[in-house]
Amino acid sequence: MKINEIFETIEMIDNQHFDVRTITLGISLFDCIRGTADETATAVYDKITREAAKLVATAEKISRELGVPIVNKRVSVTPASLIFAPFPNEYIKLAKALDKAAHELGIDFIGGYSALVQKSFTDSEKSFIKSIPQALTETSRLCSSVNVASTRAGINMNAIAMMGDVIKETAYLTRENDSIGCAKLVVFANAVEDNPFMAGAFHGVSEGDKVVNVGVSGPGVVKCALEKIKGGDLTDIAEEIKKTAFKITRVGQLVAQRACEELGAEFGIVDLSLAPTPVMGDSVAHILEEIGLESVGACGTTAALAMLNDAVKKGGLMASNHIGGLSGAFIPVSEDIGMINGIACGSLTLEKLEAMTAVCSVGLDMIAIPGDTPASTIAGLIADEAAIGVVNNKTTAVRVIPVHGKTIGDTATFGGLLGFAPICKINTFSCDKMISRGGRIPAPLHSNKN
Amino acid sequence: MRAVLTVVGKDKKGIIYYVSKELNEMNINIEDISQTIMQGYFTMMMVVDMESSTLDFEAIKKKLELLGESCSVDIKIQHEAIFNCMHKL
C-alpha cells in the first residue's frame, strides 16, 4: 500500500466532500396485501420495520469502519398504487403507515408512494394520484413519484395534465413552508426500478424481496482532480474524470457488499450519479466551470455536461458488478451552489437546463418557479421533458416547485440537503389548449425494435 | 481484521513511540510502516493486524483518537478495504 494513495483517499473524504450519499434498502410489499386497508397498512408497517430494523445501525457501523460518511439511509417500497389498489379511497392510510415506519426506523426518507401510468391508468391509480397532495402534506418523510411516459408506451398526456394540478395543489397545501411538498414529488419518463435516490426511489415490481442499492457522490473530488490538470485538453479532462469516477464507485460497491452481508439482503446496484449538495466544494456546476465556463449556463455547458456524464459512466462501469439507477450527473438547482448562483446571475435559464437534461441524468430538478404558474404550463413543462426522455431512450424527470406566493426576485428555502433557490423565470405563453386535448402521444418509431 | 492507521500533525519527538506503545498495549501487530514529511507535516501510515486484540474496532478507534488528542496529532484508523478497493484492481 502506498502512502500517497492512502492520503489521496483521506484527502477526498476530509476536504473534498466525498461520501456515500445513500444506502437504500428496497423492500417488496406484495406479500402485505390483506383483506382490508387497515390490515394491509399494519402488515406494511410491520414488514418495513422488521426488514429494515438494522439499516441505520448497519450504515453507521460501516461508515465508522471504513472512515467514509454515509449520509442518508433510506427505504424504497413497491409502488403504493399497486399495494392499495383494492382500497382506492384509503390511500392516505398507506401513506401514513409508510411515514410512521420511516420515523420508527430513523431513516431520512421512504420512497415508493408511486404509480406507473406511462400508458394508461386504472380507476385506482387515478384515485391514487389525486391522493398525493394530501399524502405529502400529512407526512414528513414520504416521497412520491409518478411515471407518465416511456419509450415503449409513449406519453400519457392525461396523466401529465393531472400531475400539473397535483403539483399546484401540493404547493398550495404546503404553502407555509415554501411549498416543500413539491420537493418530494417527481414526475418521470422511463423511470428506473432500482433508483436509490430520492424523491424518485421506488422498489420495482421485478425486484427481489429485499435489495440494497447504493448511491455514491463526489462532485468535489472530480473538481479537485481537474484543478490539478489546468493545462490539459478535453481528452485529458475526460480521462481524469473516468479515473476519479472509478475510485468513487469502487467505494460504493464495497459499501453495498458490506451492507448486503450485514442486512441479509440481495445486492442490487451501485448508482454512479454525481450528486451535489448546497455546500461549497460539492457542486456539479463548479466542475463545468472548472472545465472552462465563466458561469454555468454559458454556451458550451451542454457539451461539457455531456462529456462529464459520459466519463463518469465509463469510469464507474468497471468498478461495480452491477450499475443501475439513474447513473449520471445530477443537476438539481436548489441542491447545488453553482446552479443557484447561475440562476441568480442570469447565466442559467430554464430553457438551458432543459437542454442539459438531454445529455445527463436526470431532469428539471429542484427548480423553484413562480407560484402563479398555471397547472397547464407545468404540465407542458413535464410533457417537454418526457418527450426528451422518450425520444432519447433515457430517464428524465421533473421536480419543480411553484412556490406559493413567491415570484421572480424571491428565494425559496427548503432546508438541509434540499437547499434553497431563487425563483426561476418560466415562459408565460399558454399551452392550455394542447394540454386540454389529453390522449396519448404515440411511442416513437425507434421503440419498435422487435 | 487489518486496518490502516494514519497519523498527521506537526512533527515532534516521540510520536512513533507513543503510537507503537498504545498499539502494543492493545495487542495490535504492526505489519507495515511508512513515514514522511508532507507539506511540513509529519505523516505516517501503518498497516496493522487487529486479530489478536481483545478490544473491538470501536474501542480501538476511540483509544487512538484520545491518544491523538493528547499528542496534538490527528490519528485515524480505517478498515484496509477502502484503500484496497480504491487503488487496486
Side-chain angles (χ1 to χ4, degrees), chain A residues 1-16 18-20 57-70 214 216-218 221-222 225 242-262 267 270 315-321, chain B residues 1-11 15-16 19 26 28-51 53 55-66 68 73-89:
Chain A
M1 226 174 268
K2 291 179 187 159
I3 194 164
N4 60 330
E5 291 175 345
I6 302 282
F7 282 95
E8 182 190 342
T9 301
I10 290 175
E11 177 77 5
M12 281 183 187
I13 296 165
D14 283 359
N15 299 325
Q16 299 168 9
F18 172 56
D19 55 53
V20 171
T58 298
E60 286 170 355
K61 179 171 174 249
I62 296 170
S63 173
R64 282 193 299 269
E65 282 188 7
L66 298 179
V68 64
I70 298 173
V214 165
V216 292
S217 179
V221 182
V222 173
K242 272 163 62 180
K243 286 182 196 160
T244 309
F246 175 81
K247 291 174 188 167
I248 292 171
T249 310
R250 288 274 278 199
V251 176
Q253 167 80 17
L254 174 66
V255 167
Q257 280 170 336
R258 296 286 299 271
C260 289
E261 288 162 16
E262 298 270 346
F267 170 65
V270 176
L317 271 170
M318 199 174 143
S320 173
N321 323 6
Chain B
M1 170 179 170
R2 272 164 40 122
V4 173
L5 185 147
T6 51
V7 183
V8 179
K10 211 173 161 200
D11 194 14
I15 298 177
I16 299 180
V19 173
M26 292 190 289
I28 294 170
N29 188 37
I30 302 170
E31 295 191 343
D32 191 6
I33 181 165
S34 168
Q35 180 259 312
T36 183
I37 303 290
M38 271 186 189
Q39 292 156 1
Y41 283 93
F42 173 84
T43 307
M44 180 170 73
M45 175 276 276
M46 284 175 170
V47 178
V48 297
D49 181 1
M50 310 197 300
E51 280 307 316
S53 180
L55 297 172
D56 66 11
F57 185 82
E58 291 296 322
I60 293 167
K61 190 178 165 85
K62 190 95 192 168
K63 271 181 167 280
L64 289 166
E65 280 168 1
L66 284 173
V73 290
D74 184 26
I75 303 184
K76 286 189 201 312
I77 185 158
Q78 291 160 269
H79 197 295
E80 66 165 353
I82 188 166
F83 303 102
N84 286 336
C85 82
M86 247 195 203
H87 301 289
K88 286 185 185 169
L89 270 181

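Order of the sequence lines fixes the chain letters, A, B, ..., with proteins taken first and strands second; residue numbering starts at 1 for each chain.
Taking 4.5 Å as the limit, every side-chain heavy atom of A/V251 sits out of range of all side-chain heavy atoms of A/V216. Put simply, the side chain of B/N29 does not reach to within 4.5 Å of the side chain of B/V48, judged on heavy atoms. Contact annotation: the side chain of B/M50 approaches that of B/F57 to within less than 4.5 Å [non-hydrogen atoms, C-beta and beyond]. A heavy-atom distance below 4.5 Å is not found between the side chains of B/V8 and B/V73. Side-chain atoms of B/L5 and B/M45, non-hydrogen and from C-beta on, never get closer than 4.5 Å to each other.
At a 4.5 Å heavy-atom cutoff, the contact between A/I13 and chain B is made by side-chain atoms alone. Only the side chain of A/L254 has a heavy atom closer than 4.5 Å to any heavy atom of chain B.
The side chain to side chain contact (heavy atoms under 4.5 Å, CB included) search around B/L66 returns B/E69, not counting sequence neighbours.
Distance check: B/I82 CD1 to A/I62 CD1 gives 11.5 Å after rounding to the nearest 0.5 Å.
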Any donor-acceptor pairs between chain A and chain B, under 3.5 Å? If so, list them.
residue: B/E58; atom: OE1; partner: A/R64; partner atom: NE; Å: 3.1
residue: B/E58; atom: OE2; partner: A/R64; partner atom: NE; Å: 2.4
residue: B/K61; atom: NZ; partner: A/R64; partner atom: O; Å: 3.4
residue: B/K76; atom: NZ; partner: A/D14; partner atom: OD2; Å: 3.2
residue: B/Q78; atom: NE2; partner: A/L66; partner atom: O; Å: 3.0
residue: B/H79; atom: N; partner: A/E65; partner atom: O; Å: 2.7
residue: B/C85; atom: O; partner: A/R250; partner atom: NE; Å: 2.6
residue: B/C85; atom: O; partner: A/R250; partner atom: NH2; Å: 3.4
residue: B/H87; atom: NE2; partner: A/E5; partner atom: O; Å: 3.0
residue: B/H87; atom: NE2; partner: A/T9; partner atom: OG1; Å: 2.7
residue: B/K88; atom: O; partner: A/R250; partner atom: NH2; Å: 2.4

